[in-house]
Every structure is written in structure tokens, then in C-alpha cells.
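Working notes, structure below.
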Amino acid sequence: MKRINYWSSILLFLFLLTSCGEAEERNEPVDRTEESEMTAQNTQRDTDVNLTKEERDALMPADVVAEFKGGNERFIKDSLTPRNRQGRIQATAGEQNPKAMILSCIDSRVPVEEIFDQGLGDLFVGRIAGNFADEEMLGSMEFATKVAGSKSIVVMGHEECGAIKSAIAGVELGNISQMLSHIDPALEMTDNFPEDQRTVKNKEYVDAVIRNNVKHTIDKIKSDSDIIAEMVNNGEINIVGAYYNVDTGTVEWL
Ligand SMILES: [Zn+2]
């Protein structure tokens, strides 16, 4: 019995020795991967950084929109800029210099930063179902531009918007009813369709309301915010409309 235990121990020892050797061999390529990750991170630190206040202030509003166009092309090609998130967290802990404010719907298919290839600290994002601008959203926009120095306001609607469809269908439910009343002006603007064609099943009509809602929101921002209207008139900021295609990922500029 003792003899068997002795040989079992020897075999177990040899087995463990072999396993350790294999583990060490397996570890080697892992170490190399870590090295290459470090190199990649160092490269990212050089290319993916937050703008300083001076750099952001030097941007023209048109530069910001041009950058978003490039960012959306990268998004469609699935080649988003690798982000040094930890570096960005550290760089923005004490200050932020976002270049733009984007007003978007809450829709899960519209990940705002991603579709413009932007990172932590680059954007102010206001999200509400139906991307309309009420007083509180206008206040947020005034903060983003007048106080915090953003150069551009983008109002972005999207294809297949549930809020717009609900407004067309006249949904009445809890607080949703009040929320949808903000879409009414866009419904009124879209009067170039016969009554019987103003339905959620008519994609052309739904699309026209989505676009008119963006148009109306931009007009409302300018008419209801003296601060923003003045900044637009002075050329300090711009306001642009956008339409996001949920089936392709492309942003169309209106
Ligand atoms: Zn929506």
C-alpha cells in the first residue's frame, strides 16, 4: 500500500512539473500580447487626446461638423478610433472642453458618441424621445455653448422614430401624451400629404415628419433662446440638422 502511494506521489510530482512547464510556455505569448497592448496604448496617447481649451476655442463651427462627417465614415467602416479611456478620464477630471452639443432621441439604435467617433469629454449630449427642445433643453444648450464654449449644436432625428410614430398615431398614455405634444408642430408642418396618407404605415410621411421635427426644433432654438440666436448671428456657433439611418448607420446632413 505504502509502495503504491510512493509511486503515485512520484507520478503526481512529474505531472505537476510538466504542467508547470507547459504553463510557462503558454505564458510567453501572453507576455508578448501585453507588450504589444502597451505599445498600442502609447500610440493612442499620442493620437487620441482631449482638446485643450485653446484648441477647442480655435475651432470654427464648420470644422466641428466636418470632423463629425469623417467620424461617421469611420463608424460605418467599423474603424472607430481606439480610445485611451483611462487617459481621458484623467485628462478630463479637472476640466472639460467639449466641441459640440448633440440633441438626439433616446433610441437605443442611436449611440451618439459612437456614430460620430467621439470619446469621453468630446460632446455634450441631450437626449429625449423625439429630440425636441423644451425650456430645460434650451437651458442645457445655452450652458453647453455660452458657458462651456461648444462650437456647434446638432439636432439629430432618426429613421423609424417611435416617438414620431406615436405622435402620428395620437397615442395617449400617462406622461407620454404631454411629451408627444412637442411633436405637434412637426405634424402641422407636414401638410403636403392627403389626410388618408398621414399614417404610421406610410414611411414617406413618417420620414417627412421626422425631418420637419428637426427643422422645427432648430427654428425653436433660435426663436426661444436669445443667447443662442446671438451666438449664431455672430458666427460663434452653428446649428445643424441631421438624420440618422438606423439601417445603414449613416448620418445625412439636413
Ligand atoms: Zn426616436
Side-chain angles (χ1 to χ4, degrees), residues 64-65 68-69 71-73 75-76 80 98 100-118 122-141 144 150 152-193 197-225 228 239-254:
V64 176
V65 177
F68 289 164
K69 287 178 183 173
N72 183 238
E73 278 170 26
F75 172 68
I76 297 160
L80 291 178
M101 160 123 188
I102 317 268
L103 169 58
S104 168
C105 184
I106 61 168
D107 198 289
S108 70
R109 298 164 294 181
V110 190
V112 178
E113 273 93 347
E114 265 189 61
I115 67 177
F116 293 121
D117 191 18
Q118 300 295 303
D122 288 336
L123 302 177
F124 286 111
V125 181
R127 301 192 70 156
I128 194 157
N131 46 268
F132 58 84
D134 56 9
E135 256 178 67
E136 287 73 17
M137 190 60 78
L138 289 174
S140 301
M141 288 177 173
S150 283
S152 190
I153 294 174
V154 178
V155 177
M156 184 166 64
H158 70 95
E159 189 184 11
E160 293 293 333
C161 181
I164 299 289
K165 283 181 170 181
S166 299
I168 292 170
V171 168
E172 294 273 352
L173 181 66
N175 290 296
I176 297 174
S177 312
Q178 162 60 20
M179 183 188 75
L180 293 179
S181 68
H182 290 276
I183 312 292
D184 288 346
L187 296 177
E188 286 160 21
M189 283 165 75
T190 319
D191 55 2
N192 53 331
F193 285 77
Q197 287 181 27
R198 299 178 193 180
T199 68
V200 290
K201 285 181 182 165
N202 184 354
K203 191 171 163 52
E204 210 181 315
Y205 173 67
V206 173
D207 228 53
V209 178
I210 292 167
R211 288 161 196 270
N212 279 333
N213 184 48
V214 170
K215 220 177 278 178
H216 166 73
T217 301
I218 292 175
D219 289 343
K220 187 174 163 62
I221 294 167
K222 289 179 187 166
S223 66
D224 291 9
S225 169
I228 292 173
I239 309 182
V240 291
Y243 173 97
Y244 178 74
N245 288 277
V246 293
D247 51 2
T248 60
T250 49
V251 172
E252 189 185 320
W253 297 88
L254 306 178

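Both counts, for ligands and for their atoms, begin at 1 and track the order of listing. Quantities reported herein were computed from a predicted structural model and do not represent experimental measurements.
- Taking Asp117 as the reference, Arg74, Arg83 meet the salt bridge (Lys or Arg N to Asp or Glu O under 4.0 Å) condition, with sequence neighbours excluded.
- Listed by chain and number, the protein atoms of type N/O/S under 2.8 Å from the Zn ion (ligand 1) are Cys105 SG, His158 NE2, Cys161 SG; waters are omitted.
- When all heavy atoms of Ile128 and Leu103 are compared, the pair lying nearest together is CG2-CD1, 4.4 Å.
- Here the CE atom belonging to Met156 is positioned 11.0 Å from the CG atom belonging to Leu254, to the nearest 0.5 angstrom.
- Shortest non-hydrogen contact noted between Ala133 and Ile221 is CB-CG1, 4.0 Å.
- A ring pair (Phe, Tyr, Trp, His ring centres under 6.0 Å) check over residues 166-185, counting only residues at least two apart or in different chains, returns the pairs Phe132-His182.
- For residues 205-218, the set of pairs meeting the side chain to side chain donor-acceptor pair (under 3.5 Å) definition, not counting sequence neighbours, comprises Thr190-Asn212, Asp207-Arg211, Asp207-Tyr243, Arg211-Glu252.
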